Amino acid sequence: MSDTPMQVLTRPFAIEPVTNIMLPDGIFDNAIYGLRIAAHVTNMSSSALTNVTVYLESVGDPGIVPVARTFFFASVPAGAAMLVMWDADFQHAAPGKRLVSFVAKADGHTPRRSIQQIFVSQTRFDSATNTYTCTVEEGTLALSKPQGHLPGKRWGSTGGGSQGGDNACRCPPGLGPIVPTGMTLVWTPNPAYAGTHGELPFSDPWWKILAIIIAIIAALVAIIAAALGSGKASFSAGGSFEETDPSVDCCSLEGAGSGQPEFTVAGVASAIASGAIAVACSDVADPFWRGQEATPPAAGELTLAERVVARWVLPEAPNAGLPYTADISWQYERFTTGATYQHAVSETQVNIHVAGPVETDTPAIVQAYEPLWLRASFKRDNGNVFRGTELYAFVLFQAPQGLYFVESLTDDGLGFDPGANDGIYAGSLDLKRAYRTLLQYGQKVYGTWRVFVFAQDVNLTKPGTPPEIAAQHIGGMFVASAIEITFDDSLPCPLKAQANILVV
């Protein structure tokens with residue numbers, strides 16, 4: 001028999017289970033103990049496979065402890081990529097690249113192993129200096145003197161603008177997003193290096209990705225602590241930002257219960273806000289790389305450390321899929337064994353993670369206890385659609401009295417998805433299962449359900465791509481979101497359901 005023609009073809013990525021979001025560029029950070037290892041396993045044959053099983057065989061770090069689980073698919077269409085996830089404990093994970101082994105088996109074939117790398121970082125906070133550090137094998141990035149737009153008092157207001165009030169806030173205090181507008185970054189390479197350029201983190205992303213990880217980890221630790229209680233994260237999230245006007249406003253889903261929607265909304269908003277760092281610091285080459293290019297050291301000198309001081313202004317609030325701009329000024333310094341070199345830049349950068357409108361299809365009316373379903377297509381700014389493994393997407397189904405349920409959206413040709421890789425991502429909710437949860441909260445299944453859709457792009461860079469090219473491809477940026485961030489607190493609530501379904 002031949003090997004099962006199913007493989008994990010792209011790098012697995014990290015999902016934080018409380019908020020359901022992908023971490024920046026899919027990188028795993030051991031500041032959060034509980035993460036999900038998510039991967040797409042693809043049927044590479046031209047025909048459907050039957051009775052497919054997929055399991056995670058091993059991780060090349062004893063400090064990463066996954067929960068055993070085997071996925072079963074009665075049939076996998078030709079070319080389909082199945083999204084699979086395993087809960088894992090990263091508390092004792094070591095920073096660096098780690099190999100993960102997956103095994104797939106289908107009828108008529110022998111098992112086949114796929115081996116891919118995951119990236120692991122370690123973020124910590126020093127309350128004495130209000131400094132965050134993110135450590136990888138290639139060195140350590142320290143972030144200090146952070147500045148940003150802090151959440152307004154009415155963050156989470158269900159009414160927004162003059163329609164809402166402090167009493168309407170649904171998000172716990174302090175869990176609104178912080179939109180970064182400046183920081184000081186110090187990179188200490190390990191070891192010191194000769195020449196113009198040092199080694200990129202993981203030989204893949206720009207240094208700015210570590211800064212984004214710090215920003216989103218700090219936000220998520222606070223969210224997780226509020227959702228699950230203290231002791232769920234390995235460092236204090238007590239770092240403070242210097243506030244720059246204006247403040248940030250938004251609103252959250254009403255109600256609470258299964259998964260507590262305010263935490264998903266807070267996580268999504270924080271990830272979108274942290275993306276301002278990526279925009280300001282450019283995807284083509286970040287300030288560290290450009291600063292190195294402009295300051296080649298003298299022969300025989302070793303670079304001991306590098307510093308970037310960056311400040312930027314956002315004319316409008318950052319939002320998913322929109323080409324918002326950042327007016328940035330940054331100064332780079334290189335400290336070598338023989339001298340100090342400097343380079344400064346002032347420019348305007350534009351968000352390139354741009355997408356078109358989200359199109360949705362749902363039934364207008366559903367009989368009680370029949371499945372709720374949604375199909376969505378996410379367009380790029382050029383009108384083409386995202387397909388298959390290009391997105392990690394999910395949907396929130398909100399019951400008439402507020403309880404909500406999260407489901408994945410996939411383009412795998414199964415369930416309510418009409419075909420694999422056709423650009424239509426589908427998800428569904430089993431109302432029979434949901435009804436049992438609704439009863440626990442004294443809620444009913446009948447009435448209008450609201451539907452909220454979210455999507456992040458995935459880093460599909462192939463292994464072996466030159467580091468300076470691979471670094472230009474970033475994953476985990478939201479390209480679609482049901483929530484918006486605004487600097488104008490007079491605007492109405494910018495949380496919009498993309499669809500409604502009436503259950504009778």
Side-chain angles (χ1 to χ4, degrees), residues 7-42 54 56 59-61 64 66-67 69 71 81-90 93 95-102 114-123 134 136 201-206 209-210 212-213 216-217 220 264 267-268 270-272 274-275 278 320 353 378 386-394 406 408-412 425 454-463 465 470-480:
Q7 277 194 289
V8 177
L9 301 175
T10 54
R11 173 161 58 92
F13 50 92
I15 300 296
E16 195 290 301
V18 173
T19 60
N20 300 294
I21 68 170
M22 182 200 310
L23 295 190
D25 211 33
I27 295 172
F28 298 79
D29 194 288
N30 67 12
I32 300 177
Y33 295 171
L35 293 170
R36 287 181 180 147
I37 301 172
H40 287 107
V41 56
T42 302
V54 181
L56 191 157
V59 181
D61 178 359
I64 301 173
V67 176
R69 180 181 180 185
F71 289 86
M82 321 306 295
L83 178 63
V84 288
M85 301 185 196
W86 289 267
D87 291 331
D89 185 346
F90 278 77
K97 288 185 176 181
R98 300 293 174 254
L99 295 178
V100 182
S101 175
F102 305 89
S114 298
I115 297 178
Q116 286 287 349
Q117 288 182 324
I118 60 173
F119 299 168
V120 181
S121 59
Q122 176 173 288
T123 298
C134 187
V136 295
F202 306 114
S203 298
D204 188 292
W206 300 126
I209 295 299
L210 303 186
I212 302 172
I213 289 173
I216 189 60
I217 291 295
L220 291 183
T264 293
V268 169
S270 293
I272 293 172
S274 299
H353 298 266
F378 304 89
F386 290 90
R387 300 175 185 275
T389 60
E390 294 175 342
L391 292 179
Y392 163 69
F394 59 93
V406 61
S408 296
L409 292 173
T410 54
D411 185 12
D412 54 15
Y425 293 77
F454 304 87
Q456 293 171 271
D457 53 14
V458 176
N459 190 334
L460 299 178
T461 305
K462 296 183 182 300
T465 301
Q472 298 178 34
H473 300 273
I474 300 171
M477 298 288 282
F478 273 90
V479 296

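No experiment lies behind these values; they were computed from the predicted model shown. This chain uses plain numbering: 1 for the first residue, then up along the sequence.
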Asker: Quick one: does any side-chain atom of D204 pair with a main-chain N or O of A471 as donor and acceptor, under 3.5 Å?
Answerer: no
Asker: For D411 and R387, run side chain to side chain contact (heavy atoms under 4.5 Å, CB included): C-alpha distance rounded to whole Å, both residues' side-chain angles, the deciding distance at 0.1 Å, then the answer.
Answerer: CA-CA 7 Å; D411 185 12; R387 300 175 185 275; 4.1 Å; yes
Asker: Side chain to side chain contact (heavy atoms under 4.5 Å, CB included) between T389 and L460: does it pass, once the steps are laid out?
Answerer: CA-CA 8 Å; T389 60; L460 299 178; 3.9 Å; yes
Asker: Using side-chain hydrogen bond (donor to acceptor under 3.5 Å, both in side chains) as the criterion, list what pairs up with T461, not counting sequence neighbours.
Answerer: N459
Asker: If I take atom CD1 from residue I216 and atom CD1 from residue I27, how far apart are they, to the nearest 0.5 angstrom?
Answerer: 13.0 Å
Asker: If you compare all heavy atoms of T19 against all heavy atoms of F394, which two are closest, and at what distance to 0.1 Å?
Answerer: O-CZ, 4.5 Å
Asker: Can you sort out the partners of Q456 under side-chain hydrogen bond (donor to acceptor under 3.5 Å, both in side chains), two or more places apart, ordered by chain and number?
Answerer: none
Asker: I21 and A271: which non-hydrogen atoms are nearest, and at how many Å?
Answerer: CD1-CB, 3.9 Å
Asker: Hey, what do you get for NZ (K462) to NE2 (H473), rounding to the nearest 0.5 Å?
Answerer: 11.0 Å
Asker: Looking at every non-hydrogen atom in both residues, tell me the closest pair between L391 and A455 and how far apart they are.
Answerer: CD1-CB, 4.2 Å
Asker: Compare every heavy atom of A39 with every heavy atom of V8, then report the nearest pair and how far apart it is.
Answerer: CG1-CB, 4.1 Å
Asker: Just wondering, do I64 and V120 contact through their side chains at under 4.5 Å, heavy atoms?
Answerer: yes
Asker: Are I15 and Y392 packed together at the side-chain level, in the sense that at least one heavy-atom pair is separated by less than 4.5 angstrom?
Answerer: yes
Asker: Take the angle between the ring planes of F102 and W86 and call it parallel below 30°, perpendicular above 60°, tilted in between.
Answerer: tilted
Asker: Can you tell me how far the CE atom of M477 sits from the CD1 atom of I212, to the nearest 0.5 Å?
Answerer: 6.5 Å
Asker: Pick out which of F454, Y425, F386, F478 makes a ring-ring contact (aromatic ring centres under 6.0 Å, His included) with F378.
Answerer: Y425
Asker: Given the rule in the side chain to side chain contact (heavy atoms under 4.5 Å, CB included) test, do I217 and I32 qualify, once you have shown the distances and angles that lead to the verdict?
Answerer: CA-CA 8 Å; I217 291 295; I32 300 177; 3.7 Å; yes
Asker: Looking at CD1 of I37 and CZ of F13, how far apart are the two atoms once the value is rounded to the nearest 0.5 Å?
Answerer: 11.5 Å
Asker: With sequence neighbours excluded, tell me which residues meet side-chain hydrogen bond (donor to acceptor under 3.5 Å, both in side chains) with N20.
Answerer: T264
Asker: Closest heavy-atom contact between D412 and M82?
Answerer: OD2-CE, 3.7 Å
Asker: Write out all pairs satisfying salt bridge (Lys or Arg N to Asp or Glu O under 4.0 Å) with one or both partners inside residues 19-41, taking only residues at least two apart or from two chains.
Answerer: R11-D25, R36-D87
Asker: Output all residues satisfying side-chain hydrogen bond (donor to acceptor under 3.5 Å, both in side chains) with Q122, sequence neighbours left out; order by chain, then residue number.
Answerer: N30
Asker: Given T10 and Q116, is the side chain to side chain contact (heavy atoms under 4.5 Å, CB included) satisfied, shown in steps?
Answerer: CA-CA 7 Å; T10 54; Q116 286 287 349; 5.8 Å; no
Asker: Evaluate the side-chain proximity of H353 to I474: yes if any heavy-atom separation is below 4.5 Å, no if none is.
Answerer: yes
Asker: What's the separation between atom CZ in F28 and atom CZ in F90, rounded to the nearest 0.5 Å?
Answerer: 4.5 Å
Asker: Going from CG on L210 to CZ on F202, what distance comes out if it is rounded to the nearest 0.5 angstrom?
Answerer: 6.5 Å
Asker: So P66 and V59, do their side chains get closer than 4.5 Å, heavy atoms only?
Answerer: yes
Asker: Between P17 and L35, what is the shortest heavy-atom contact and its length?
Answerer: CD-CA, 4.2 Å
Asker: Among all residues two or more places apart in sequence or in another chain, which pass the salt bridge (charged side-chain N to carboxylate O under 4.0 Å, His left out) test with E16?
Answerer: none
